[in-house]
Amino acid sequence: MSREITIATPILARWLIGSRRITTELRRVLEDAPAVYIPPCSLHEMTLKVRKGRWPEMEPYAPHLDRICVTNGFKIAPYTARMAILAGSMERDHPDPFDRMIGVTAFEMGMALVSSDEAFDMLDEIPGWRGRIWVHSFA
């Protein structure tokens with residue numbers, strides 16, 4: 001049974017810059033989902049890293065990430081005041097604010113999160129968390 005999903009920043013980046021090397025498993029997960037949502041903070045994270053020179057391969061995409069996401073069939077998730085409050089008040093010991101926002105976006109939308117990052121497993125204890133779909137990103 002396929003379901004709507006949220007994807008983490010590295011999954012989006014790999015789709016954009018390495019789609020020929022994306023694993024069959026990841027491609028299937030993304031293509032089988034009725035909707036794939038991108039947290040807006042992922043666009044923030046990507047453009048911030050480009051501006052700081054830490055993600056040069058994303059530089060051609062950075063100015064138009066919103067349009068590129070939609071062109072690729074992805075939807076931009078909402079990020080509400082409630083999500084911001086939840087992300088900021090999480091007791092889980094995880095210092096990356098982007099991961100907090102990504103996790104809360106998936107949680108509040110009632111979706112599983114596609115990521116290979118074990119940091120999101122910190123949310124397993126939260127009632128209602130739909131879990132993390134772990135995939136190998138590259139072949």
Side-chain angles (χ1 to χ4, degrees):
M1 175 175 98
S2 63
R3 56 187 168 164
E4 294 182 329
I5 55 175
T6 303
I7 63 174
T9 307
I11 301 295
L12 173 61
R14 286 177 175 98
W15 182 266
L16 296 178
I17 64 178
S19 61
R20 285 186 219 124
R21 292 182 51 215
I22 294 279
T23 63
T24 303
E25 174 193 18
L26 176 56
R27 186 174 303 282
R28 187 176 318 114
V29 166
L30 296 178
E31 291 175 352
D32 287 352
V36 176
Y37 284 87
I38 308 297
C41 62
S42 289
L43 308 182
H44 179 171
E45 181 179 19
M46 293 166 91
T47 55
L48 178 66
K49 287 180 179 180
V50 165
R51 182 176 58 81
K52 290 184 172 188
R54 294 192 327 222
W55 211 343
E57 51 277 301
M58 287 306 303
E59 192 168 345
Y61 305 96
H64 311 288
L65 279 169
D66 54 346
R67 183 174 40 84
I68 293 168
C69 286
V70 172
T71 301
N72 277 271
F74 303 135
K75 296 181 180 191
I76 305 298
Y79 192 72
T80 66
R82 168 121 176 103
M83 290 174 178
I85 292 166
L86 285 173
S89 62
M90 286 175 66
E91 291 292 330
R92 308 305 185 263
D93 187 24
H94 186 63
D96 185 340
F98 293 113
D99 283 355
R100 287 171 167 265
M101 290 183 276
I102 290 166
V104 165
T105 299
F107 172 74
E108 280 291 294
M109 293 185 71
M111 297 178 189
L113 176 65
V114 179
S115 175
S116 58
D117 188 346
E118 293 176 3
F120 291 109
D121 293 342
M122 68 183 172
L123 301 170
D124 285 346
E125 302 166 8
I126 299 175
W129 169 243
R130 302 284 180 168
R132 177 174 65 96
I133 299 171
W134 193 92
V135 294
H136 286 92
S137 300
F138 278 115

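A quick note: this is a predicted structure, and the numbers were derived from the prediction, not measured.
- Linking Ile, Leu, Val, Met, Phe, Trp and Tyr whenever their side-chain heavy atoms come within less than 4.5 Å leaves I5 and W134 in two separate clusters.
- Using a 4.5 Å heavy-atom threshold, the side chains of E108 and R82 count as touching.
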I'd like a table of donor-acceptor pairs (distance under 3.5 Å, sequence neighbours excluded) in which one partner is a side-chain atom from residues 50-57, with atom names and distances.
from, atom 1, to, atom 2, distance (Å)
W55, NE1, E57, OE2, 3.3

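- Grouping the Ile, Leu, Val, Met, Phe, Trp and Tyr side chains by contacts below 4.5 angstrom, directly or via other members, places V104 apart from I85.
- A side-chain donor-acceptor contact under 3.5 Å links R100 to the backbone of A87.
- The two residues F98 and C41 come nearest to each other via the heavy atoms CD2-O, 3.5 Å.
- Separating the OG1 atom in T9 from the CE atom in M58 is a distance of 9.5 Å, to the nearest 0.5 Å.
- Here the closest heavy-atom approach between residue S42 and residue A8 is recorded as OG-C, 4.3 Å.
- Within the 4.5 Å cutoff, side-chain heavy atoms of M90 are placed close to those of M122.
- Evaluation of the ring-ring contact (aromatic ring centres under 6.0 Å, His included) rule for F107 yields no partner, not counting sequence neighbours.
- When V29, L30, L113 are each tested for a side chain to side chain contact (heavy atoms under 4.5 Å, CB included) with I7, only one passes: L30.
- Contact check for R130 versus E4: no side-chain heavy atoms found under the 4.5 Å cut-off.
- Side-chain contact between H44 and P39 is absent, with no heavy-atom pair separated by less than 4.5 Å.
- I68 and Y61 get closest at one heavy-atom pair: CD1-O, 3.7 Å.
- When all heavy atoms of W129 and A106 are compared, the pair lying nearest together is CZ3-CB, 4.0 Å.
- The two residues P78 and M83 have their closest heavy-atom pair at O-SD, 3.4 Å.
- For the atom pair CE (M111) and CZ (R3), the distance works out to 11.0 Å, reported to the nearest 0.5 Å.
- The stretch residues 69-79 participates, sequence neighbours left out, in these side chain to side chain donor-acceptor pair (under 3.5 Å) pairs: W15-N72.
- Rounding to the nearest 0.5 Å gives a distance of 10.0 Å between CD of E25 and CD1 of I133.
- Using a 4.5 Å cut-off on side-chain heavy atoms (C-beta onward), I76 and L43 make contact.
- Remark: E118 CD is loosely packed, at most 12 non-hydrogen atoms of other residues, nucleotides or ligands lying under 6.0 Å away.
- Contact record, P60 with P63: O-CD, 4.0 Å, taken as the closest heavy-atom pair.
- Between R132 and D117 there is no side-chain heavy-atom pair separated by less than 4.5 Å.
- A 6.0 Å sphere centred on CD of E59 holds no more than 12 heavy atoms belonging to other residues, nucleotides or ligands.
- When hydrophobic clusters are built by joining Ile, Leu, Val, Met, Phe, Trp and Tyr residues whose side-chain heavy atoms come closer than 4.5 Å, directly or via intermediates, L12 is not grouped with V70.
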